[in-house]
Amino acid sequence: MKVTSKMSAYRAKILHFTQQPNIQEASGYDYFEDGVLVIENGLVKAVGDAKTLEKSGFDLAVCEYFPEHLIMPGFIDSHIHYPQTNVIASYGEQLLDWLNNYTFPNEEKFADKAFALQAAEQFIQLMLENGTTTAMVYTTVFATSTDAFFEVAEKHGLRMIAGKVLMDRNVPLALQDTPETARSESQLLIDKWHNKDRLKYVITPRFAPTSTPAQLAAAGELYQQNPGVYMQTHLSENTQEIEWIKALYPKAKNYLDVYDQHQLLGNKSVFGHGIHLSDSEIQRLAETGSQIAFCPTSNLFLGSGLLDLKKLEQAGVCVSIATDIGGGTSFSLLKTLAEAYKILQLQGQSLHPLKGLYMATLGNAKALDLDDKIGNFAIGKEADFTLINLSPTAIQASRQAQANSLDDTLFALMMLGDEHNIERTYSMGNLMFERQPASTGNKQ
Ligand code: GUN
Ligand code: ZN
């Protein structure tokens, strides 16, 4: 391969997935202890073993060299709320009170475009600091807040999916739209943003309690009439929420059936949580290709419950991994995977680090139907990646010094890692974030 001035190259440990990993057979991924990633025009040009590339004529001297670091594809977050950055860590409530007492009052501020723009900027910086390069994002009921998010994402050249929240009852008046404005404003936003640069649109009825049947019907029509757009909402997160659904939709067979009746299921539908599902709901999710976004830190923080990953996967339901900021307590998908591991441990299940890191990259790309563009370093894919320091803290350095295999190294990273491990984040080959050395503080 001839090196040109348009190329950039990075030499480090490199891990990426080619399919869902088979742990017993150690297949489904490529790991290069001394690897090279070559980028040209924002796309992956080559990836491989350094010495092998050198033999084929590649000049290793052009690489930026990080012998102790790990390069991985950028993380992907399948469920997150940009207006909830500063709702994070709000004390002492479960879902419905938490929404009323903290979330809704905060979302009212997003009627102001200038406020929404600076919040979107802060949110995107936080994602990049955590190695996350793509997310499926809830905005607020205000279409201007959706515009604000897309404008900032477009400015940074990021691949993002977002949508205006639809809610026309059971929320403060200032946050209510109507079935008609839900339809007209969403359609305008779809026409404006869907497939513009790297952006895509997701129709976003918040959850069934905050939409009338007429509004869910409008959401279903939008979903059916706009091929390629996504649908996201919440499902079966909290037991009080489920009781409320029974009162609001007495004719529905179950919670999922409310969405089903309004044509909201399908292989571009992402349902947040899905903790307390009946067997028939799980079967219906599987047969429609609808997905669950597993949000471990949120499920623990809000006391919502433990997701039974094994049961969902054995039934054929695709499960992605997500932070659910601000119900979730960290932007870090590493931290999120650590909490997922603990949730599964409580149920006699486990999460192998290769499976976890697959979920956070290629698995989520597949779940969001973006795996032709992102998720691994296949030649021609968009070069979104992160440079990971395996030993940014004393305990990680000491633990990693003991690691005796790749699995062990990755498990310690998954269990102990967070934003401090993320040293750089790149999008389309452009450096978007670089961690500064920790300040030593002021001497008194
Ligand atoms: N259900 C409806 N809205 C929300 C939200 O903002 N966060 C969470 N975790 N659950 C919800
Ligand atoms: Zn959520």
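Order of appearance sets the numbers: ligands from 1, and atoms from 1 within every ligand. FYI, the numbering just counts along the sequence from 1.
- The aromatic rings of Trp193 and Phe150 lie parallel to each other, with less than 30° between the two planes, well short of the 60° mark.
- Leu166 pairs with exactly one of Thr178, Ile203, Val141 by the side-chain contact (heavy atoms from CB on, under 4.5 Å) rule, that one being Ile203.
- Near Asp324, the atoms of ligand 1 lying under 4.0 angstrom from a non-hydrogen atom of the residue are 8 (C), 9 (N).
- Looking at Met167, His79, Arg206 and measuring to atom 6 (O) of ligand 1, the nearest heavy atom belongs to Arg206.
- Below 4.0 Å from some heavy atom of His81 lie the following atoms of ligand 1, by number and element: 5 (C), 6 (O), 7 (N).
- A distance below 6.0 Å separates the ring centres of His79 and Tyr138.
- In this structure, atom 1 (N) of ligand 1 lies nearest to the protein heavy atom His234 CG, 3.4 Å.
- When the shell of 6.0 Å around NZ of Lys335 is examined, it contains 12 or fewer heavy atoms from other residues, nucleotides or ligands.
- A salt bridge links Lys164 with Asp177; the closest basic N to acidic carboxylate O contact falls under 4.0 Å.
- At least one heavy atom of Gln84 sits closer than 4.0 Å to an atom of ligand 1.
- In this structure, atom 10 (N) of ligand 1 lies nearest to the protein heavy atom Glu237 OE1, 2.7 Å.
- Near-neighbour remark for the Zn ion (ligand 2): protein N, O or S atoms under 2.8 Å are His79 NE2, His81 NE2, His234 NE2, Asp324 OD1; waters not counted.
- No salt bridge links Asp369 with Lys200; every basic N to acidic carboxylate O contact stays at or beyond 4.0 Å.
- Taking the six-membered ring for Trp and the full ring otherwise, the centers of His273 and Phe207 sit at least 6.0 Å from each other.
- In terms of polar-atom proximity, defined here as any N/O pair under 3.5 Å, Trp98 makes no such contact with ligand 1.
- Taking the charged nitrogens against the carboxylate oxygens, Lys310 and Glu313 have no contact shorter than 4.0 Å, which rules out a salt bridge.
- A donor-acceptor pair under 3.5 Å links the side-chain atoms of Asn22 to the main chain of Glu25, judged by distance alone.
- Contacts between Leu99 and ligand 1, counted as non-hydrogen atom pairs separated by less than 4.0 Å, involve the side chain only.
- Of the charged side-chain nitrogens involved, at least one lies within less than 4.0 Å of a carboxylate oxygen, so that Glu121 and Lys155 count as a salt-bridged pair.
- Residue contacts with ligand 1, taken as heavy atom pairs separated by less than 4.0 Å, involve His273 solely via side-chain atoms from C-beta onward.
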